[in-house]
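Inspection log for the structure reproduced underneath, given as structure tokens.
FYI, the numbering just counts along the sequence from 1.
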Amino acid sequence: TRTFTGHTDTVNRLAFGTDGGNRLISASYDRTLRFWDVASTKPVKTIAIEPEFVTNITAPPAGPWIMLYVAFERRIRLLNMLNGESKNVRLSGFDAVAAFSPNGKWLALGTESEPGASRSDIALWTADGAALVTKFVGHTRRVEALAFSSDSTRLVSSGGDYTIKVWKLPEGTTEQR
């Protein structure tokens, strides 16, 4: 068992980096994001995330970007693990769920238009957040989960409307069967 110490409040999110599991990323209510060397358990880098808490971390299987969801500001922050570059992606809704495609090309974000809304959207972005590719519309309640197929040609979503939808990429049409 390895123990990582350094945060000063509850650690609320964890993800392995994209380097084969040699780096661990942690977010804490102490408003820091820490990158750890797994072998030594030592922090490699600490980043202050002021003034909000990170409520989700998603790391892609390939590529340098990680996604941080900052709930109170309703924004996604993309952080490049190699050079520290940071980008903000403004959300049009609440409660983001996210998934990176296995090929490292796409970032899917599911939101609820507003609490109790009758529609929720899924936005397909380039993995670096530079461009919105398309939006998928079909769930009538909050999007709860997202997952890509292993070949990155389909996205599956589930919602609070008790449905599961399979979307073709990148066009965003649902598969009919």
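Scanning both residues, Phe148 and Ala108, for their nearest heavy atoms gives CZ-CB, 3.8 Å. The nearest pair of heavy atoms linking Ala98 to Leu109 is CB-CD2, 3.5 Å. Residues Leu132 and Ala123 come closest through the heavy atom pair CD1-CB, 3.7 Å.
Leu24 is not connected to Ile47 by any chain of hydrophobic side-chain contacts under 4.5 Å among Ile, Leu, Val, Met, Phe, Trp and Tyr, and they are in different clusters. One hydrophobic cluster holds both Val133 and Ile122 under the rule that ILVMFWY side chains link at heavy-atom gaps under 4.5 Å. Residues Val143 and Leu169 are members of one and the same hydrophobic cluster, defined by side-chain heavy-atom contacts under 4.5 angstrom among Ile, Leu, Val, Met, Phe, Trp and Tyr.
Between Asp151 atom CG and Asn103 atom CG the span is 9.0 Å, to the nearest 0.5 Å.
Between Val166 and Val156 there is a side-chain heavy-atom pair separated by less than 4.5 Å. Between Phe16 and Val38 there is a side-chain heavy-atom pair separated by less than 4.5 Å. Between His139 and Thr163 the shortest side-chain heavy-atom distance falls below 4.5 Å. When side chains are defined from C-beta on, Thr3 does not count as touching Thr41, because their heavy atoms never get closer than 4.5 Å. By the 4.5 Å heavy-atom criterion applied to side chains, Leu124 and Trp167 are not counted as neighbours.
At a cut-off of 3.5 Å, with distance as the only test, no side-chain donor of Asn12 or Thr10 sits close to an acceptor on the other residue. For the residue pair Trp106/Ser152, the side-chain donor-acceptor check at 3.5 Å is not satisfied.
By the 6.0 Å contact criterion, CD1 on Ile164 is open, its count of non-hydrogen atoms from other residues, nucleotides or ligands being 12 or less.
Results of the side-chain contact (heavy atoms from CB on, under 4.5 Å) test with Ser28 over Asp9, Thr8, Leu33 single out Asp9 as the only residue that passes.
The side-chain contact (heavy atoms from CB on, under 4.5 Å) test applied to Ser40 returns Asp37, Lys42, not counting sequence neighbours. Ser26 pairs by the side-chain contact (heavy atoms from CB on, under 4.5 Å) definition with His7, Val11, Leu14, Arg34, Trp36, not counting sequence neighbours.
With hydrogens and angles disregarded, no donor-acceptor distance shorter than 3.5 Å links the side chain of Ser158 to the backbone of Glu144. Looking only at distances, a side-chain donor or acceptor of Thr126 sits under 3.5 Å from a matching main-chain atom of Ala131.
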